[in-house]
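The next block holds one structure in the form of structure tokens; read it before the comments.
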Amino acid sequence: MKKGTVLVSGGAGYIGTHTAVELVAAGYGVVIVDNLANSEACAVEGVRRITGIEVPFEQVDACDGQALRGVFEKYGFVSAIHFAAFKAVGESVADPLKYYRNNLTSFMNLCALMHEFGRSDVVFSSSATVYGQAGVLPVTERSPRLPATSPYGNTKQMAEDILRDCCAAYACMRGIALRYFNPIGAHPSTLIGELPRGVPQNLVPYITQTAAGIRPCLSIFGNDYPTPDGTCLRDYIDVVDLARAHVAAVDRMTQGRMEASYEVFNIGTGRPVSVLELVEGFERANGVEVPRKFAPRRAGDVPAVWADTRLAARALGWQAVRPLEETLRTAWAWEKRIRGIK
Ligand code: UFG
């Protein structure tokens with residue numbers, strides 16, 4: 001049976017495209033909204049090829065309230081997933097207004113229009129960054145949010161609060177914030193994946209570009225952390241598993257299963273993996289070498305963070321299922337495809 005239609009803002013991006021695919025697979029209609037500020041139109045083509053559906057795409061900047069209103073007038077969705085945001089931590093420190101303006105204006109526009117048009121369900125793309133370096137690991141949804149260490153992280157906390165307050169105030173609105181840990185990998189079809197512009201800031205794109213010979217050497221930032229091998233511990237979640245968590249969140253809302261008007265879930269695997277383990281796992285999974293060296297710690301990195309995933313499992317009926325090895329294979333398959341490597 002066909003379910004309702006979901007607006008996916010930032011739907012041409014890395015996580016947005018994978019989520020659009022999983023929504024269609026689950027029987028939802030999808031409208032992609034994206035200004036292509038940090039994505040390419042070919043990503044939407046990838047979604048269309050995988051799903052076999054001419055998924056509607058509106059090239060609209062969610063910061064432009066009038067243009068976004070046009071999308072609300074044109075389509076009859078009841079749910080929205082908001083991905084549209086800048087996400088480079090360092091850039092946000094250098095140019096905070098760019099981040100506050102873009103990430104918050106787009107989200108407030110979306111919430112205001114949802115309220116005005118009487119459309120109820122909003123899923124917000126949040127981040128484990130809100131926990132900072134938690135005192136107790138793994139982190140649960142009840143772990144305190146620590147003061148953000150970057151404007152980027154602050155926009156995630158502020159947007160969570162905006163959604164929480166809207167859901168408390170407006171009877172028609174419900175919200176779920178999904179706190180992602182470290183999304184990695186690509187769709188097994190290799191038709192969609194991450195397309196970082198310039199030098200990658202995140203570990204896996206840097207690894208794949210190094211393996212492809214685009215970067216001479218991976219720098220491992222810090223090997224003197226208080227962790228088993230001295231490198232940082234993270235919770236790496238396959239992007240397809242992550243995409244399915246969004247479907248589970250929309251299901252929960254549309255099926256009236258929420259226990260409060262605003263809920264928060266950790267989306268991770270529950271398994272800590274060190275930087276060294278990840279690099280070595282990538283080499284083993286793909287039979288390629290990644291030249292690497294140890295480098296000083298990167299400012300702002302926390303030594304260790306991973307998710308307690310029990311609440312998501314119980315409430316969303318969702319858990320990560322893809323083995324890390326397979327995820328690392330998709331990451332390499334995607335890099336090879338976009339570089340034309342055999
Ligand atoms: N790392 C390296 N070398 C690199 C890149 C990263 O050693 O070239 C290390 C980092 O120091 C860190 C680990 O790899 O220990 C993971 O780094 P990422 O940049 O891939 O991921 P982060 O955990 O720093 O960041 C992720 C998201 C951010 C989000 C942050 C906090 O990518 O958007 O989690 O939630 F803000």
Side-chain angles (χ1 to χ4, degrees), residues 10 13-15 38 83-93 99 103 124-134 137-139 143 145-160 177-185 194 196 198-212 214-239 242 264 266-269 272-282 290-307 324 327-328 331:
Y14 174 43
I15 304 170
N38 193 26
F83 294 104
F86 295 144
K87 60 169 191 172
V89 175
E91 184 189 43
S92 81
V93 175
Y99 276 68
N103 294 8
F124 174 65
S125 163
S126 190
S127 166
T129 196
V130 302
Y131 295 118
Q133 181 55 71
L137 291 165
V139 288
S143 301
R145 292 188 325 184
L146 296 185
T149 52
S150 71
Y152 159 78
N154 213 15
T155 66
K156 292 295 177 194
Q157 296 200 1
M158 292 164 92
E160 283 193 355
L178 298 180
R179 292 179 178 157
Y180 314 154
F181 284 69
N182 288 59
I184 62 166
E194 194 169 5
V199 182
Q201 306 297 307
N202 297 117
L203 180 59
V204 168
Y206 209 104
I207 290 175
T208 56
Q209 290 197 8
T210 306
I214 299 161
R215 312 279 156 207
C217 183
L218 168 76
S219 292
I220 295 180
F221 299 135
N223 64 341
D224 56 352
Y225 283 102
T227 59
D229 66 18
T231 65
C232 292
L233 295 172
R234 293 289 184 276
D235 183 334
Y236 296 95
I237 166 109
D238 186 287
V239 68
L242 172 60
V264 176
N266 285 342
I267 304 298
T269 66
V273 172
S274 77
V275 175
L276 258 184
E277 284 173 326
L278 196 85
V279 178
E280 287 166 2
F282 180 88
V290 180
R292 55 186 174 271
K293 60 171 193 256
F294 290 118
R297 293 180 177 195
R298 184 173 70 175
D301 275 342
V302 297
V305 62
W306 69 94
L324 181 59
T327 304
L328 294 171

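Read the numbers this way: they start at 1 and go in the same order the structure lists the ligands and their atoms. Quantities reported herein were computed from a predicted structural model and do not represent experimental measurements. Numbers here are sequence positions counted from 1.
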Considering only the protein, which heavy-atom contact is closest to atom 23 (O) of ligand 1, and what is its distance?
R234 NE, 2.7 Å
Ligand 1 atoms nearer than 4.0 angstrom to some heavy atom of V275 are 7 (O), 9 (C), 13 (C), 14 (O), 15 (O)
In the protein, which heavy atom is nearest to atom 22 (P) of ligand 1, and how far is it?
N182 ND2, 3.6 Å
Counting heavy atoms only, which part of Q201 comes closer than 4.0 Å to ligand 1: side chain, backbone, both or neither?
backbone
Atom 36 (F) of ligand 1 [closest protein heavy-atom partner, distance rounded to 0.1 Å]
Y152 CE2, 2.9 Å
Please identify which atoms of ligand 1 are closer than 4.0 Å to at least one heavy atom of I220.
7 (O)
Taking the side chain from R145 and the backbone from Q157, do they hold a donor-acceptor pair closer than 3.5 Å?
yes
Side chains of S219 and K293, heavy atoms from C-beta outward: is any pair under 4.5 Å?
yes
Between the main-chain N or O of A88 and the side-chain N or O of Y99, is there a donor-acceptor pair closer than 3.5 Å?
yes
Return the residue, atom name and 0.1 Å-rounded distance of the protein heavy atom closest to atom 17 (O) of ligand 1.
R298 NH2, 3.4 Å
Whether the side chain of Q201 engages the backbone of V199 through a donor-acceptor N/O pair (distance < 3.5 Å, no angle test) should be reported.
yes
If you define the side chain from C-beta out and look only at heavy atoms, does anything of F294 sit under 4.5 Å from T231?
yes
Here the atoms of ligand 1 under 4.0 Å from any heavy atom belonging to S219 are 2 (C), 3 (N), 4 (C), 7 (O), 8 (O)
If we count only N and O atoms by modelled type, under 3.5 Å, do the side chains of Y131 and N266 hold a donor and an acceptor together?
yes
Check: S125/Y180 side-chain N/O donor and acceptor closer than 3.5 Å:
yes
C232 heavy atoms within 4.0 Å reach ligand 1 at atoms 15 (O)
Of all the non-hydrogen atoms in the protein, which one sits nearest to atom 18 (P) of ligand 1, and at what distance?
N202 ND2, 3.5 Å
Can you figure out which of Y180, Y131, Y236 has its heavy atom closest to atom 16 (C) of ligand 1?
Y236
Nearest-option assignment for atom 35 (O) of ligand 1, heavy atoms, candidates D301, T129, I184
T129
Show me the side-chain donor-acceptor pairs of residues 147-155 shorter than 3.5 Å, one per line, residues at least two apart or across chains.
| unit_1 | atom_1 | unit_2 | atom_2 | d |
| --- | --- | --- | --- | --- |
| S150 | OG | Y152 | N | 3.4 |
| S150 | OG | G153 | N | 3.0 |
| N154 | ND2 | Y100 | OH | 2.9 |
| T155 | OG1 | N103 | ND2 | 3.2 |
| T155 | OG1 | Y152 | O | 2.6 |

For the pair R298 (side chain) and G222 (backbone), establish whether a donor and an acceptor sit closer than 3.5 Å, ignoring hydrogens and angles.
no
Short version for F181: what comes under 4.0 Å of ligand 1, heavy atoms counted, is neither
Please work out whether any backbone atom (N, CA, C, O) or any side-chain heavy atom from C-beta onward of V305 is under 4.0 Å from ligand 1, and answer side chain, backbone, both or neither.
neither
Look up atom CG in N182 and atom CG in L242, then write down how far apart they are to the nearest 0.5 Å.
11.0 Å
Can you pull out the closest protein heavy atom to atom 4 (C) of ligand 1? Residue, atom name and distance to 0.1 Å, please.
F221 CE1, 3.3 Å
Can you pull out the closest protein heavy atom to atom 20 (O) of ligand 1? Residue, atom name and distance to 0.1 Å, please.
L203 N, 2.8 Å
Between V204 and ligand 1, find which residue part has any heavy-atom pair under 4.0 Å and reply side chain, backbone, both or neither.
neither
After noting the C-alpha distance and the side-chain angles of I207 and L278, does the key distance pass the side chain to side chain contact (heavy atoms under 4.5 Å, CB included) rule?
CA-CA 9 Å; I207 290 175; L278 196 85; 4.1 Å; yes
